[in-house]
Amino acid sequence: MSTLPIKHFLKFDDFSREEIEYLLKRADFIKKRFKNYETWHPLQDRSLVMIFEKASTRTRLSFEAGMLQLGGAAIYMNTRDSQLGRGEPVDDAAKVISRMCDIIMMRTFEQDIIERFAAASRVPVINGLTNEYHPCQILADIFTYMEHRGSIQGKTVAWVGDANNMSYTWVQAARLLDFQVHISTPPGYALDDARISDAERKHLRYFEDPREACAGADLVTTDVWTSMGYEAENEARAAAFANFCVDEQMMALASPDAVFMHCLPAHRGEEVTAGVIDGPQSVVWDEAENRLHVQKALLEYLVIGRVPT
């Protein structure tokens, strides 16, 4: 177990700007080593426990492969197959699990669950996704933007669609890294103003028309219209979001060198057209891969601290 002070990554702004910038730089170093087939095992004999209450493809693969590539071991747990799914208190589970590993990633529903788990944990806890936030994905998105276009400071990100865990995390990142977010959601699906701080509002603009939100944007991004846990609202959401499909016309209004992102999985013809997600401005496949690299930087940082480069 690490002797470092325990630090968790449950929301994007749990880290300072300086820490985020370190992680982005570190991810670049780690990715280059990976692409050059250079072994890098700073977490040899360390173990990651991955706890899943929500289904996953990219989160499980990127954390499991990442931990193995860092020289450690990854252990998969599903709440359906553990005592967590049979009513064991979250605090009790955290106390036991954190005595048997070096770091924990949790993908669950309410943010309160992971906050309670982290409070009782003896090791760092990473938010792999909750209903409220998705910090690892936004870390990967920003890293991807920097790879393609350079610094995101002063740029504009257009979010078209639902007020979900992605959009709230983009708002946190905008304040921390000094860029702007344009949010366009249908009536009834706007961000909860009570969750937005005064400092964040300075980096946020709302638009009723998604085309106006995209105008001049440097990055256009969206997500599925119905997130996990809201499937009963499918029909109502499909009707409400009918005019919020990111299409070629919206992208044409953005900056000429704008990129398109989507955290995946995507539904072509719903929240985005095939022409956009499979088109020349799309960087979604780099974005998906980069979950692996930024999370390796995150695992390394939380377990052993900063590594001189």
Side-chain angles (χ1 to χ4, degrees), residues 12 27 31 34 50 52-66 76 105-109 126-149 152 157-170 173 181 183-185 189 210 214 217 219-231 233-234 237-238 241 244-248 250-251 254 258-296 298:
F12 197 89
K31 181 175 182 177
F34 175 78
M50 307 179 298
F52 287 89
E53 190 173 14
K54 283 189 171 187
S56 167
T57 299
R58 281 151 293 276
T59 296
R60 178 177 178 180
L61 179 58
S62 57
F63 271 107
E64 189 164 343
Y76 173 81
M105 185 281 299
M106 192 173 198
R107 183 178 172 97
T108 186
F109 286 91
I126 297 171
N127 181 355
L129 174 143
T130 61
N131 289 347
E132 289 83 0
Y133 300 108
H134 200 356
C136 292
Q137 182 64 59
I138 300 305
L139 192 64
D141 291 1
I142 292 170
F143 179 72
T144 305
Y145 184 84
M146 291 174 63
E147 277 192 320
H148 285 267
R149 298 290 185 264
I152 199 168
V157 175
W159 174 267
V160 178
D162 192 16
N164 63 5
N165 50 12
M166 288 285 291
S167 53
Y168 282 106
T169 309
W170 271 118
V181 178
I183 298 280
S184 185
T185 63
Y189 295 92
C214 292
L219 190 167
V220 178
T221 184
T222 188
D223 195 0
V224 295
W225 291 340
T226 305
S227 298
M228 284 180 285
Y230 297 89
E231 288 80 4
E233 302 176 13
N234 265 339
R237 284 174 172 265
F241 286 80
F244 284 76
C245 177
V246 177
D247 57 20
E248 290 83 343
M250 285 190 198
M251 291 302 299
V259 296
F260 173 78
M261 293 190 190
H262 191 305
C263 62
L264 303 177
H267 300 147
R268 290 167 175 79
E270 291 185 16
E271 74 274 5
V272 60
T273 63
V276 169
I277 195 170
D278 299 318
Q281 291 175 283
S282 174
V283 295
V284 297
W285 315 119
D286 290 339
E287 177 189 6
E289 178 191 334
N290 282 335
R291 283 285 299 277
L292 172 69
H293 307 300
V294 298
Q295 287 165 189
K296 284 194 285 186
L298 180 62

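Please read all numbers here as calculations on a predicted model, not as lab measurements.
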[atom1]/[X] to [atom2]/[Y] distance, rounded to the nearest 0.5 angstrom?
X      : Y      : atom1 : atom2 : answer
Ile142 : Glu147 : CD1   : CD    : 13.0 Å
Lys296 : Phe63  : NZ    : CZ    : 12.5 Å
Thr108 : Asn127 : OG1   : CG    : 9.0 Å
Thr144 : Gln137 : OG1   : CD    : 8.0 Å

Ile277 and Leu264: CA distance, side-chain angles, deciding distance, side-chain contact (heavy atoms from CB on, under 4.5 Å) verdict:
CA-CA 10 Å; Ile277 195 170; Leu264 303 177; 4.1 Å; yes

What closest approach, in Å, do Asn165 and Thr130 show between heavy atoms, and which atom pair accounts for it?
ND2-O, 2.8 Å

Using side-chain contact (heavy atoms from CB on, under 4.5 Å), reason through Arg237 and Asp162 one step at a time and then give a plain yes or no.
CA-CA 9 Å; Arg237 284 174 172 265; Asp162 192 16; 3.0 Å; yes

Set out, in order, the CA-CA distance, both residues' side-chain angles and the distance that settles side-chain contact (heavy atoms from CB on, under 4.5 Å) for Phe34 and Leu292, then state yes or no.
CA-CA 10 Å; Phe34 175 78; Leu292 172 69; 4.2 Å; yes

So, Phe143 versus His293, ring centres under 6.0 angstrom or not?
no

If you take the centroid of each ring, where Trp contributes its six-membered ring, are Phe12 and Tyr133 closer together than 6.0 Å?
no

Dump the intermediate steps for side-chain contact (heavy atoms from CB on, under 4.5 Å) on Ile126 and Cys136, then the final yes or no.
CA-CA 8 Å; Ile126 297 171; Cys136 292; 3.6 Å; yes

Using atom types as modelled and distance alone, determine if a side-chain donor or acceptor of [X] lies under 3.5 Å from a backbone N or O of [Y].
X      : Y      : value
Gln281 : Phe260 : no
Ser62  : Thr59  : yes
Ser184 : Val160 : no

Cut-off 3.5 Å, side chains only: do Thr273 and Arg268 have a donor facing an acceptor?
no

Which residues pass the side chain to side chain donor-acceptor pair (under 3.5 Å) test with Glu271, not counting sequence neighbours?
His262

